[in-house]
Student: 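Let me begin by handing over the structure; questions about it come next.
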Amino acid sequence: GTSGSCITMSTAHKPTFTPAHGSSNQGGNRMQAGSKQYSSRDLPSHTKMKVRQPGQNAPEDVRSRDYREELEERERRHRHSKDDRHRPNREEQLKIDDDRKKEVEERPHFADLDADNDDDDSDDDDDDEDDTAELMRELEKIKKERAEEKARKEREQEEIAEKERQDAILKGNPLLNAGDIADS
């Protein structure tokens with residue numbers, strides 16, 4: 001029967017006669033000579049220190065340097081270059097002033113244009129030329145407005161087409177439309 005008789009177990013629970021000890025003779029009951037092989041990681045490495053060569057901030061180089069003077073010189077150069085960036089030199093300033101004077105001189109004097117000149121004899125020819133010039137300016141203004149309106153409409157059409165294209169791309173992706181399919 002099954003009561004108290006022969007219960008079989010694995011052999012993993014049995015003790016060993018020579019238990020493992022941490023030593024050069026790993027592996028339990030081996031009694032042969034140790035291996036003559038060894039790993040490259042066991043070899044001594046980095047046995048010499050590197051020293052700095054001249055020009056690599058070696059101690060001899062550092063002792064002879066005046067750091068305070070070097071720092072002050074760099075700061076002076078920086079301040080000088082910073083000042084040069086913000087202030088134009090004398091020649092450039094004179095050129096800028098001349099350009100500004102020319103701009104002021106070339107501007108139309110609106111006070112002179114609006115003044116009623118009673119001493120001028122106005123001819124019909126002059127009035128016709130003025131009217132023609134004014135009409136041409138008005139025509140150019142209308143053409144410009146129409147061109148801007150046309151460009152604006154074209155941009156709107158392109159935006160609508162781009163939006164439709166994006167919608168078509170998104171609807172063509174079954175992964176993005178998975179929620180829509182599940183609802184229907």
Student: To the nearest 0.5 angstrom, please state how far the CG atom of Leu135 sits from the CD1 atom of Ile142.
Tutor: 9.5 Å

Student: What side chain to side chain donor-acceptor pair (under 3.5 Å) pairs are there with at least one residue in residues 137-153, not counting sequence neighbours?
Tutor: Glu149-Arg152, Arg152-Glu156

Student: With Arg76, which residues qualify under salt bridge (Lys or Arg N to Asp or Glu O under 4.0 Å), at least two apart?
Tutor: Glu69, Glu73

Student: Which one of Glu70, His78, Glu72 satisfies the side chain to side chain contact (heavy atoms under 4.5 Å, CB included) criterion with Arg74?
Tutor: Glu70

Student: With sequence neighbours left out, what residues match Glu60 under salt bridge (Lys or Arg N to Asp or Glu O under 4.0 Å)?
Tutor: none

Student: Any chance you could pull the hydrophobic cluster mates of Tyr67, using side-chain heavy atoms under 4.5 angstrom and chaining through other members?
Tutor: Val62

Student: Just jot down the salt bridge (Lys or Arg N to Asp or Glu O under 4.0 Å) partners of Glu134, sequence neighbours excluded, or say none.
Tutor: none

Student: How long is the gap from CD1 on Ile160 to CZ on Arg165, to the nearest 0.5 Å?
Tutor: 15.0 Å

Student: Show me the donor-acceptor pairs, under 3.5 Å and distance only, between side chains in residues 37-54 and residues at least two apart or in other chains.
Tutor:
unit_1: Ser39; atom_1: OG; unit_2: Arg41; atom_2: N; d: 3.1
unit_1: Arg52; atom_1: NH1; unit_2: Asn57; atom_2: O; d: 3.4

